[in-house]
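In this text the structure is predicted, and so the values were computed from the model without any measurement.
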Amino acid sequence: QVQLVESGGDLVQPGGSLRLACVAPRTIFSNHVMGWYRQAPGKLRELVASMDGGGSAFVGDFALGRFTISEDNAKNTVYLQMNSLKPDDTAVYYCSAGYGAYWGQGTQVTVSS
């Protein structure tokens, strides 16, 4: 079973920052687009950001200017840097490879004062 292992979720105040990390097996990391999704209670899972092997990144409109996706190829790790967090960003954040072909277990991000 493929394991994508996320970390970094936490409780943070509005306006704060978090960095999520996801480690993937080398064969998965090297051959798939890596991305982050999120799912809030009662809502559909949505794509937050993704990055292909060439370094091209997509970031959802709601995250533009606040979230940044990056990769460390030597560590098989994809990061999601989240700044200026809002209560609406509260959700379980999931790492994915191949646009949903593989999933991590999720990490909870809660933005609240």
Val5 reachable from Leu80 in the ILVMFWY side-chain graph, under 4.5 Å edges: no
Joint cluster assignment, Leu47 & Val92, ILVMFWY side-chain distance < 4.5 Å: yes
Side chain Glu6, main chain Gly106, donor-acceptor under 3.5 Å: yes
Candidate pair Asn83 and Ser17, rule side chain to side chain donor-acceptor pair (under 3.5 Å), full reasoning: CA-CA 4 Å; Asn83 299 326; Ser17 297; 2.9 Å; yes
N/O donor-acceptor pair under 3.5 Å between Ser30 side chain and Thr27 backbone: no
Heavy atoms from other residues, nucleotides or ligands near CG of Leu64 exceed 12 (cutoff 6.0 Å): yes
Any donor-acceptor N/O pair, Ser56 side chain to Gly54 backbone, under 3.5 Å: no
Full working for side chain to side chain donor-acceptor pair (under 3.5 Å) between Tyr93 and Arg38: CA-CA 4 Å; Tyr93 284 70; Arg38 71 183 186 182; 3.0 Å; yes
Cluster link Val111 to Met82, ILVMFWY, side chain under 4.5 Å: yes
Short side-chain to backbone donor-acceptor contact, Arg66 and Ser84, under 3.5 Å: yes
Sub-4.5 Å side-chain heavy-atom contact between Phe29 and Thr77: no
From CA spacing to verdict: side-chain contact (heavy atoms from CB on, under 4.5 Å), Cys22, Trp36: CA-CA 9 Å; Cys22 170; Trp36 289 94; 3.6 Å; yes
Test item: Val109 and Thr90 side chains (from C-beta on) under 4.5 Å apart, heavy atoms: no
Common cluster, Val78/Val48, ILVMFWY with side-chain heavy-atom separation under 4.5 Å: yes
hydrophobic_cluster_shared for Leu20 and Met51, side chain cutoff 4.5 Å: yes
For residues 94-103, run the donor-acceptor check on the side chains, cut-off 3.5 Å, and write out each pair with its distance to 0.1 Å, sequence neighbours left out.
residue : atom : partner : partner atom : Å
Ser96   : OG   : Gly100  : N            : 2.8
Ser96   : OG   : Tyr102  : O            : 3.1
Trp103  : NE1  : Gly100  : O            : 3.1

Atom of Gly35, atom of Ile69 and distance for their closest heavy-atom approach: CA-CD1, 4.3 Å
Close side-chain approach of Pro87 and Pro14, heavy atoms under 4.5 Å: yes
Closest non-hydrogen atom pair between Leu4 and Pro25, with its separation: CD2-CD, 4.0 Å
Any donor-acceptor pair under 3.5 Å from Thr110 side chain to Leu11 backbone: no
Cationic tip of Arg45 above Tyr37 ring, under 6.0 Å, 45° of axis: no
Main-chain N/O of Lys86 paired with Asp89 side-chain donor or acceptor, under 3.5 Å: yes
Asp10 side chain vs Val12 backbone, donor-acceptor pair below 3.5 Å: no
Other residues, nucleotides, ligands: >12 heavy atoms within 6.0 Å of Gln105 CD: yes
